[in-house]
Trainee: 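Would you mind keeping the following structure in view while I ask a few things?
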Protein chains: 2
Amino acid sequence: MGEEPEVPRRRHDSAATRAALLQAASELFAERGFDQTTVRDVAAHAEVNQALLFRYFGSKQELFAEVLNRDSRQLLEGAPAEELPGRILKGLLSDRGDPGGEHPFTAMLRSFSDERAARVLREELGGSYVERLAELSDSDDAMLRADLVLAWFFGVGMVRSVLRKQPLADAPADALSEHMMRAISVLLERSDSSTPEEDS
Amino acid sequence: MGEEPEVPRRRHDSAATRAALLQAASELFAERGFDQTTVRDVAAHAEVNQALLFRYFGSKQELFAEVLNRDSRQLLEGAPAEELPGRILKGLLSDRGDPGGEHPFTAMLRSFSDERAARVLREELGGSYVERLAELSDSDDAMLRADLVLAWFFGVGMVRSVLRKQPLADAPADALSEHMMRAISVLLERSDSSTPEEDS
DNA sequence: TGATTATGTAAGCAGGCGCTTACAATCGCT
DNA sequence: AGCGATTGTAAGCGCCTGCTTACATAATCA
């Protein structure tokens, strides 16, 4: 058979192949979710033999867990906690002109019935998000109202990015945020101030 | 459920077996979502041979569509547009829905990530729900606003029932309903007093 | 009645899945 | 160099999936 051209990646480099698998898995899980991503997809996308996936990660579930771990840590450590809500919101609402990379956040939305993904959404991302949102309201059920806002963001992300339902899927981000902010300011309105503050 | 042979189902009654399959499918889709429910599960739960599922419904996907259609019609029938959000919310927030009728949103929520189910979902949502919700607003982007309302319902269902995030998970339904209805009426308000800006 | 049709059943097919195995190639070390 | 350990590969196993087929039984009606 014909000779292959010289390969760029070293052939015996476990760290590199591990990283390649992790990266491919992150992208595919974000794009298709856990169930719709096969280990053969991941291996092919990483240009790695699929048996190595099991050698290095044990199982598809454990690979998913490691992806979640990596991506959520990356999301949380990349910026101070105050910026996290804005970042996630931007990822959720950003116009979908970036076909190369889905936001890692959508991997969790697509796979939220997996308990590990649910935990990240509920505790790590939801926690810091609600903390910030609750500051905007001083009513005794501020946390509950904040949860409702969080739920709205998740729902919009799901219908827009996962379900891809029109017209929401292709609506401009600023039209969405305008509508949502108007409703949210009613939801979170402070009793000591009649004028809701503008942010950013 | 097969009890004592008290009134066993007639053995040659296609309407009864069709109904049994629909009912079993409705419960299982709501419980596990589209792709986690197998046709063997449905047939066993209905105590019907699984080949009949394909005789009467053609495919798993068409069965899913009929389930959503039936449950949605049951949920929406005879309600004026003004009552729609309240009625959908009431069923969605109650921990146990009306006996005999599952809330279609639960099945929808758990089936987002499967592309075959998503196609059915987009059709059903666009046809049965958005059209009628959009009647509540007379602005030119009424459909978009209706999508945002639907997205909120899904998000709340997800955070409350699947993620089980506190305090939303255990909050009383009427408190949630009150908050959401207030915000929704702002979102969908008629005769929008603001200047009708078009963005190109 | 007996033929025709409607309904129910058992078995299996083709394909995809996660995962394993047996082995070859390459590296690190003395 | 020699040799064990590490890394890469091809093949395939067993199971589950949606769906189909060949056939048995029961209802219908001339």
Side-chain angles (χ1 to χ4, degrees), chain A residues 1-25 28-29 31-67 110-111 113-114 116, chain B residues 2 5 7-25 28-29 31-67 107 110-111 113-120:
Chain A
M1 313 307 180
E3 295 290 307
E4 288 289 322
E6 202 56 33
V7 295
R9 201 172 69 226
R10 284 180 53 205
R11 322 219 350 192
H12 273 64
D13 185 343
S14 66
T17 62
R18 234 191 93 102
L21 284 167
L22 215 45
Q23 181 59 30
L28 289 175
F29 284 143
E31 200 175 296
R32 310 177 193 172
F34 180 80
D35 291 326
Q36 307 292 319
T37 300
T38 74
V39 296
R40 286 172 173 83
D41 286 339
V42 174
H45 200 266
E47 293 178 312
V48 154
N49 189 286
Q50 63 139 333
L52 296 178
L53 188 155
F54 295 95
R55 171 125 74 210
Y56 293 132
F57 298 96
S59 71
K60 186 189 177 188
Q61 272 286 342
E62 291 170 90
L63 171 63
F64 184 58
E66 204 146 329
V67 166
R110 290 190 128 96
S111 313
S113 38
D114 182 283
R116 300 170 217 250
Chain B
V7 191
R9 205 169 60 235
R10 282 178 53 206
R11 313 196 9 144
H12 274 62
D13 185 343
S14 65
T17 57
R18 234 191 94 101
L21 283 166
L22 262 181
Q23 184 56 34
L28 289 175
F29 283 143
E31 192 179 305
R32 312 176 192 173
F34 180 80
D35 60 353
Q36 298 296 320
T37 300
T38 74
V39 295
R40 285 171 174 82
D41 286 340
V42 175
H45 201 265
E47 292 177 316
V48 154
N49 189 289
Q50 63 139 332
L52 296 178
L53 189 155
F54 294 96
R55 173 127 71 209
Y56 293 132
F57 297 96
S59 70
K60 184 188 176 187
Q61 198 177 160
E62 291 170 272
L63 171 63
F64 185 61
E66 273 215 44
V67 164
R110 300 189 129 97
S111 308
S113 52
D114 185 282
E115 181 52 33
R116 289 166 302 165
R119 284 184 49 204
V120 175

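All of these numbers come straight from a predicted model, not from anything done at the bench. Side chains included, hydrogens not; waters and symmetry mates left out as well; all remaining heavy atoms used. Numbers restart at 1 for each chain; the letters A, B, ... are given by sequence-line order, proteins then strands.
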Trainee: With the side chain counted from C-beta on, respond yes when B/V48 and B/L53 share a heavy-atom pair under 4.5 Å apart, and no when they do not.
Mentor: no
Trainee: Identify the two heavy atoms, one from B/L21 and one from B/A43, that lie closest to each other, and give their separation to 0.1 Å.
Mentor: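 Heavy atoms only, the tightest pair is CD2-CA, 4.2 Å.
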Trainee: Check the distance between D/dT9's C1' and A/E47's CD and give it to me in whole angstrom.
Mentor: 15 Å
Trainee: Output yes when at least one side-chain N/O atom of A/S14 is less than 4.0 Å from OP1 or OP2 of D/dT6, else no.
Mentor: no
Trainee: Just to verify, what does A/F54 make a side chain to side chain contact (heavy atoms under 4.5 Å, CB included) with, not counting sequence neighbours?
Mentor: A/V39, A/Q50
Trainee: Please tabulate the protein-to-nucleotide N/O contacts below 3.5 Å involving nucleotides 20-24 of chain C, giving atom names and distances.
Mentor:
none

Trainee: Expected output is a numbered-order residue list: members of residues 34-41 of chain A with a heavy atom under 4.0 Å from any atom of DNA chain C. What is it?
Mentor: A/T37, A/T38, A/V39, A/R40
Trainee: Show the nearest heavy-atom pair for residues A/S111 and A/G33, with the distance to one decimal.
Mentor: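 Answer, listing the atom of A/S111 first, then A/G33: OG-CA, 3.5 Å.
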Trainee: How close or far is atom P of D/dT28 from atom CG of B/D13, stated in whole angstroms?
Mentor: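 So the CG-P distance, B/D13 to D/dT28, works out to 10 Å.
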Trainee: Using a heavy-atom cut-off of under 4.0 Å over every strand shown, decide if A/F57 touches base, sugar-phosphate, or nothing.
Mentor: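 It contacts nothing in the nucleic acid.
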Trainee: Quick check: do B/L28 and B/Q36 have side-chain heavy atoms less than 4.5 Å from each other?
Mentor: no
Trainee: Expressed as a whole number of angstroms, how long is the span from B/L52:CG to C/dG8:P?
Mentor: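 Roughly 5 Å, once rounded to whole Å.
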Trainee: Under 4.0 Å: is that the gap between some side-chain N or O of B/Y56 and OP1 or OP2 of D/dC19?
Mentor: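 For D/dC19, neither OP1 nor OP2 has a side-chain N or O of B/Y56 closer than 4.0 Å.
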Trainee: Would you mind reporting whether B/R18 and B/E66 have side-chain heavy atoms less than 4.5 Å apart?
Mentor: yes
Trainee: Work out how much the helix from C/dT1-D/dA30 to C/dT30-D/dA1 bends between its end axes, five pairs an end, to the nearest 10 degrees.
Mentor: 10°
Trainee: Can you name the residues that form a ring pair (Phe, Tyr, Trp, His ring centres under 6.0 Å) with A/F64, not counting sequence neighbours?
Mentor: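 A/F64 satisfies ring pair (Phe, Tyr, Trp, His ring centres under 6.0 Å) with A/F29, A/F34 once adjacent residues are dropped.
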Trainee: Please, which pairs that meet salt bridge (Lys or Arg N to Asp or Glu O under 4.0 Å) have at least one residue in residues 48-60 of chain A, sequence neighbours excluded?
Mentor: none
Trainee: Quick one: B/D114 CG to D/dG18 C1', roughly how many Å, whole number?
Mentor: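 Computing the B/D114:CG to D/dG18:C1' distance gives 12 Å.
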Trainee: Are A/Q61 and A/R116 packed together at the side-chain level, in the sense that at least one heavy-atom pair is separated by less than 4.5 angstrom?
Mentor: yes
Trainee: Please check the phosphate of C/dG8 (OP1 and OP2 only) for any side-chain N or O of B/T17 closer than 4.0 Å.
Mentor: yes
Trainee: What's the CG-C1' distance between A/L53 and D/dT7, to the nearest Å?
Mentor: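 A/L53 atom CG is separated from D/dT7 atom C1' by 15 Å.
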Trainee: Find the distance A/R32:CZ to C/dG16:P and express it as a whole number of Å.
Mentor: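 The distance from CZ of A/R32 to P of C/dG16 comes to 14 Å, rounded to the nearest Å.
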Trainee: For A/T38 and A/D41, does a side-chain donor sit closer than 3.5 Å to a side-chain acceptor?
Mentor: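 On atom types as modelled, these side chains qualify, holding a pair under 3.5 Å.
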Trainee: Figure out the NZ/P separation between B/K60 and D/dG18, and round it to whole Å.
Mentor: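 Between P of D/dG18 and NZ of B/K60: 4 Å.
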Trainee: I'd like to check B/L52 versus B/F57 (side-chain heavy atoms, cut-off strictly below 4.5 Å). Are they in contact?
Mentor: no
